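Right, one structure below, let's go through it.
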Amino acid sequence: MTEPKTIHSALKDPDWVKAMQEELAEFERNQVWDLVPTPPDVTVVGSRWVFRNKTDDQGIVCRNKARLVVKGYSQQEGIDYDETYAPVARLEAIRIFLAYAAHKNFKVYQMDVKCAFLHGEIDRDVYIQQPPGFEDPQFPNHSFKLQKAVYGLKQAPRAWYSTLSTFLEESAKTPMALGYKLDADLNGKPVDQKKYRGMIGSLLYLTASRPDIMFSTCVCARYQANPMESHAIAVKRIFKYLKGTPSLGLWYPANSDFQLNAFTDSDYGGCRLDRKSTSGSCQFLGGRLKSFIIWHNESDKRRNDKVISNKCCQQITIGNHIRYLLHNVYSQKSRKDKVKGEHITKEKEDLQQHPSRQTSLKIFQATDSQNALSNIAVKTKDLLGYCSLHN
């Protein structure tokens with residue numbers, strides 16, 4: 001069977017017509033485009049068909065493959081796309097991977113993604129012509145606005161790599177991608193509010209024993225009044241993280257000391273809604289978690305100082321009501337998310353004179369923000385960060 005050179009000859013063969021219909025069905029299934037009126041002053045990228053015969057290992061033609069590609073050479077950099085670079089695997093890297101898998105006795109699986117580029121999300125408005133031979137008879141002058149990449153598009157490889165990376169990160173045992181921040185997404189697709197609130201409620205209940213999901217859950221909980229699809233995707237990622245880490249939880253060892261250790265951190269101006277700060281702190285008795293809190297600070301600096309002080313002043317019961325006041329936890333001048341603390345002399349003297357002073361207390365000390373356990377309460381962390389917390 002010969003491969004047709006033009007669309008006109010392909011349309012005369014039922015087998016090739018079926019192949020083109022299968023290709024367009026993939027476009028519809030992946031929600032690649034929308035047929036819209038062509039906006040004025042917009043460059044519409046042309047499209048064409050590429051026909052190939054697929055053969056088996058014996059060289060016998062087993063099926064026909066029709067691929068719709070766009071004429072990416074007509075795209076303009078800075079208007080239709082920004083970046084086109086996408087990392088590719090070198091043969092040396094593949095061989096190293098196979099060698100390591102053989103050394104560790106890993107099972108290696110091969111996966112083929114059908115119409116891979118059609119899964120890539122694009123961030124620019126791109127309009128393409130209707131497929132030759134399949135123009136809409138009612139709207140022949142309309143064009144397709146792309147929602148995802150197609151073959152031949154300049155940014156298609158980069159878009160597919162970004163989508164694949166996001167999927168792999170979801171399997172990387174982190175409840176939220178590093179640096180990922182939700183917003184109101186007012187132009188997004190709404191989702192069922194009752195179902196969304198139910199998922200948030202379940203996660204909030206679970207934070208009692210899983211403080212590693214507290215920050216991600218609290219961020220998603222801000223949008224319960226008007227949840228969008230982007231918010232639901234973030235919530236589902238938390239559930240995926242929980243499914244992959246069923247053995248994690250709080251551990252209360254018997255052979256640990258009873259010394260009080262406290263950690264605190266703040267993400268200054270990190271909220272995309274109101275630019276307020278998110279703060280968190282946790283206290284340990286030896287290696288046992290006692291309390292873990294997170295709060296959204298007031299925007300006014302004077303009120304902010306008061307809120308931080310009130311939140312950090314906690315009543316701690318150890319033995320016969322040992323009270324210790326924690327004060328001036330944060331250094332508001334620090335912009336590097338480092339923590340400062342100081343003793344309250346009077347309270348320290350009262351503690352030293354208390355008859356139940358058999359328990360030693362270690363107060364806030366300056367700690368690198370990246371190593372502070374409370375860091376997970378105010379911002380996302382990468383895989384290595386979560387691994388260090390798990391250990």
Side-chain angles (χ1 to χ4, degrees), residues 1-84 86 111-164 189:
M1 182 181 295
T2 59
E3 298 174 348
K5 301 299 182 181
T6 64
I7 181 63
H8 301 289
S9 58
L11 289 174
K12 297 177 182 179
D13 189 327
D15 291 334
W16 286 110
V17 171
K18 181 181 178 181
M20 289 185 284
Q21 291 174 340
E22 292 176 352
E23 175 76 354
L24 295 177
E26 287 293 327
F27 277 60
E28 294 297 328
R29 187 178 68 86
N30 289 287
Q31 300 178 344
V32 173
W33 55 22
D34 296 313
L35 186 63
V36 298
T38 305
D41 302 327
V42 169
T43 301
V44 179
V45 183
S47 60
R48 65 187 183 93
W49 288 100
V50 176
F51 305 101
R52 292 290 184 269
N53 289 322
K54 295 294 184 177
T55 60
D56 57 17
D57 54 356
Q58 301 296 326
I60 301 174
V61 176
C62 57
R63 68 186 182 95
N64 302 325
K65 177 62 179 177
R67 175 79 73 193
L68 180 66
V69 299
V70 299
K71 301 175 181 179
Y73 56 81
S74 63
Q75 290 183 269
Q76 300 181 43
E77 184 177 1
I79 299 177
D80 299 313
Y81 65 92
D82 289 323
E83 296 288 343
T84 60
M111 180 182 67
D112 181 30
V113 180
K114 188 176 182 180
C115 300
F117 280 7
L118 302 187
H119 297 274
E121 303 281 349
I122 59 177
D123 55 1
R124 286 295 185 95
D125 291 340
V126 179
Y127 297 84
I128 68 172
Q129 294 176 352
Q130 298 186 45
F134 292 85
E135 294 85 356
D136 192 312
Q138 295 183 354
F139 306 102
N141 297 323
H142 281 36
S143 59
F144 279 107
K145 179 181 179 181
L146 295 181
Q147 304 297 332
K148 297 181 180 179
V150 296
Y151 287 88
L153 208 64
K154 288 285 189 179
Q155 63 265 47
R158 184 179 181 86
W160 162 239
Y161 176 80
S162 176
T163 301
L164 179 62
K189 181 180 178 180

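Throughout, numbering of the chain's residues begins at 1 and tracks the sequence. Everything quoted here is computed from the prediction, not taken from an experiment.
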### Task
Check whether any side-chain heavy atom of Phe27 lies under 4.5 Å from a side-chain heavy atom of Val150, and answer yes or no.
yes
### Task
Could you pull out the closest heavy-atom pair between Thr38 and His142, with the gap in Å?
OG1-C, 3.7 Å
## Note on the structure
CE (Met20) and CH2 (Trp49) are apart, to the nearest 0.5 Å, by 6.0 Å
### 4.5 Å side-chain heavy-atom contact, Leu153 and Leu146
yes
### Spacing of CD1 belonging to Ile122 relative to OG belonging to Ser162, to within rounding of 0.5 Å
12.0 Å
### Summary
Heavy-atom nearest pair, Pro14 first then Lys12, reads CD-O, 3.7 Å
### Message
Do Tyr127 and Trp33 make a side-chain contact, defined as non-hydrogen atoms from C-beta onward lying under 4.5 Å apart?
### Response
no
### Message
Under 3.5 Å, is there a donor on one side chain and an acceptor on the other for Gln75 and Gln155?
### Response
yes
#### Entry: Gln129 side chain reached by Phe144 side chain, heavy atoms, under 4.5 Å
no
### Task
Find the distance between CD (Gln147) and NZ (Lys145) and round it off to the nearest 0.5 Å.
6.0 Å
### Message
Just verifying a value: how many Å separate Arg63 CZ and Thr55 OG1, rounded to the nearest 0.5 Å?
### Response
10.5 Å
### Message
So, using side-chain hydrogen bond (donor to acceptor under 3.5 Å, both in side chains) as the criterion, who are the partners of Lys18 when residues are at least two apart?
### Response
none
### Query
Do Glu3 and Trp16 have side-chain atoms, one donor and one acceptor, less than 3.5 Å apart?
no
### Query
Can Lys65 and Glu22 be said to form a salt bridge (Lys or Arg N to Asp or Glu O under 4.0 Å), step by step?
CA-CA 9 Å; Lys65 177 62 179 177; Glu22 292 176 352; over 6 Å; no
### Query
Taking side chain as C-beta onward, heavy atoms only, is Ile7 less than 4.5 Å from Leu11?
yes
### Task
Given side chain to side chain contact (heavy atoms under 4.5 Å, CB included), test Asn64 with Lys54 step by step and report yes or no.
CA-CA 6 Å; Asn64 302 325; Lys54 295 294 184 177; over 6 Å; no
### Query
For Asp136, does its backbone N or O pair with a side-chain atom of Gln138 as donor and acceptor, under 3.5 Å?
no
#### Entry: Nearest atoms (heavy-atom pairs only) where Glu135 meets Pro132
OE2-CA, 3.4 Å
### Query
Backbone N or O of Ala159 within a donor-acceptor pair of the Thr163 side chain at under 3.5 Å?
yes
### Query
Side-chain contact, heavy-atom cut-off 4.5 Å: Lys148 with Leu118?
no
### Task
Search all heavy atoms of Pro131 against all heavy atoms of Leu68 and return the closest pair with its distance.
CG-CD2, 3.8 Å
### Message
Tell me whether Gln130 contacts the main-chain N or O of Phe139 through its side chain, where contact means a donor paired with an acceptor under 3.5 Å.
### Response
yes
### Query
So which heavy atom on Ser74 is nearest to which on Val45, and how close?
OG-CG1, 3.6 Å
### Message
Rounded at 0.5 Å granularity, tell me how far OG in Ser143 sits from CG in Leu35.
### Response
7.5 Å
### Task
Report yes if some heavy atom in the side chain of Arg29 is under 4.5 Å from a heavy atom in the side chain of Glu26; otherwise report no.
yes
### Message
Can you confirm whether Val69 sits close enough to Arg48 that some side-chain heavy atom of one is under 4.5 Å from a side-chain heavy atom of the other?
### Response
yes
### Query
Between Tyr151 and Arg67, is there a cation-pi geometry (under 6.0 Å to ring centre, at most 45° from the normal)?
yes
### Query
Can you tell me if Asn30 uses its side chain to pair, donor with acceptor, with the backbone of Val32 under 3.5 Å?
no
